[in-house]
Amino acid sequence: MTLTEAAPDEALEAHFEATIARNDRIEPRDWMPEGYRKTLVRQIAQHAHSEIIGMQPEGNWITRAPSLRRKAILLAKVQDEAGHGLYLYSAAETLGVSRLELTEMLISGRQKYSSIFNYPTLSYADVGAIGWLVDGAAICNQVPLCRTSYGPYGRAMIRVCKEESFHQRQGYELLTTMMRGTDEQRAMVQESIDRFWWPALMMFGPPDADSPNTAQSMAWGIKRNTNDELRQKFVDMSVPQAEALGVTLPDPELVWNEERGHHDFGQPDWEEFMQGVKGNGPCNAQRMAHRRRAHEDGAWVREAATAYAAKQRAAKQGETSA
Amino acid sequence: MSNLSAEGGHGAVPLEGVPTGQGVPAPEPEWPLYEVFVRGKRGLNHVHVGSLHAADDRMALLHARDVYTRRNEGVSIWVVRADAITASSPDEKDPMFAPSGDKVYRHPTFYDIPDNVPHM
């Protein structure tokens, strides 16, 4: 069958494939295969949910920040996480899913968020460790997503990445300050790194051999690097940063491999990871309950704003008709 | 643990058994969608930066400031209700833009000018 005789769907699909092959972007009202659309909705929505839930672990420390400077920084950071969630919901909506439906899928637990946010924040050093390691891992994941094939997602990621750099640097600077302090403060930093190192490595997902979906996502240009490639990049980046900071990464197998030109390292506890994803992580129930409460407690504000807008509109119409 | 990936940006999320929206009617009436345009600095056009929901125009403008200009990204913001925008259809792309495709004489490179003619 020649192209001109092809069924309309096949011609559309060929056009879509050609756009991807040219490394061009797909834009909202373009025809796209249903699988591509669904993959994107799932990915962007769960990314957005992660940003929104991600406000909680650090938000925990806003009222107990050690100085006004640290409090202002932390407030700005947590506000950014909300902003990132909103950029991403905005991108997801271009695929024909409504904001309320996305919110509902999060608070009913039908869609998930990254399990990194189910770990508790036990000391102020955790604010630093999250900035350095968790946001550092997020940067590794998100920088390649700036070139993702879906236009609105890539543009949202560019905005996010610009702000993420502030997040990582404020965290690292916080830890540097504590490392220049007392022995107790240095111990707090090390203890925090010990807890967050492995969960940060888990953020990249299971090993490639166990990630059968990666190939399709890469063929569609949605994902640009495999889980293992990104994890390796993160480990190689973190080792000199840990040395400069003066902390030890809690992995006895971590060693430079001259032949590969990369660090060898141990495997995270994937069973712990699976439990977190299934909703059995240390703080799952608390995070979900908090998000649900925030939504329900905000209902009267949304209703009041809607009523006020209707009243203003009515008053305006009254003026023009009078 | 097969169906998990780092695709969530902030870390691995499940890829299967996750609904992707049915397009079902929302449980409460949704605030209208606004598209947001920001002028980065004087001398530049307003550029589309994203969208948001708001109960009215005034709220849309305030939310746009908080969501899209936290770091001096703009000196002016436009918000426009998304349902007020008329857009060309991607399906009509070829007939829509074809008239300009075959008019090569509209481009300066169409014209041969002798090499010894300066400043042209």
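In what follows, chains are A, B, ... by sequence order, proteins preceding strands, each numbered from 1. Side chains are part of it too, since the values below use all heavy atoms of this structure and drop only hydrogens, waters and symmetry mates.
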Pick from Arg159(A), Gln312(A), Arg155(A) with the largest number of heavy-atom pairs that fall under 4.5 Å of chain B: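 That would be Arg159(A).
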Most contacts with chain B, counted as non-hydrogen pairs under 4.5 angstrom, among Glu271(A), Gln79(A), Lys162(A), Glu163(A):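 Heavy-atom pair counts peak at Glu163(A).
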So what's closer than 4.5 Å to chain B heavy atoms on [X]: side chain, backbone, both or neither?
X	value
Phe166(A)	side chain
Glu93(A)	side chain
Ala45(A)	neither
Asn225(A)	neither
Arg99(A)	both
Arg313(A)	side chain

Heavy-atom distance under 4.5 Å to chain A: side chain of Ala87(B), backbone, both or neither?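 Ala87(B) touches chain A through backbone and side-chain heavy atoms alike.
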Parallel, tilted or perpendicular, as decided by the 30° and 60° cut-offs, for the rings of Tyr153(A) and His47(A): perpendicular
Would you call the rings of Phe16(A) and Trp31(A) parallel, tilted or perpendicular, taking 30° and 60° as the class edges?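 Phe16(A) and Trp31(A): perpendicular rings.
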Are more than 12 heavy atoms, taken from residues, nucleotides or ligands other than Arg71(B), located less than 6.0 Å from that residue's CZ atom? yes
Enclosure of Trp198(A) CH2 (heavy-atom neighbours >12, cutoff 6.0 Å):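 Enclosed.
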Let me know which of Val79(B), Val49(B), Val80(B) forms a side-chain contact (heavy atoms from CB on, under 4.5 Å) with Phe37(B). Val80(B)
Which atom pairs, donor and acceptor, lie under 3.5 Å between side-chain atoms of residues 102-116 of chain B and protein residues at least two apart or in another chain?
{"residue": "Lys103(B)", "atom": "NZ", "partner": "Pro99(B)", "partner atom": "O", "Å": "2.5"}
{"residue": "Tyr111(B)", "atom": "OH", "partner": "Tyr105(B)", "partner atom": "O", "Å": "2.8"}

Side chain to side chain donor-acceptor pair (under 3.5 Å) partners of Gln111(A), counting only residues at least two apart: His49(A)
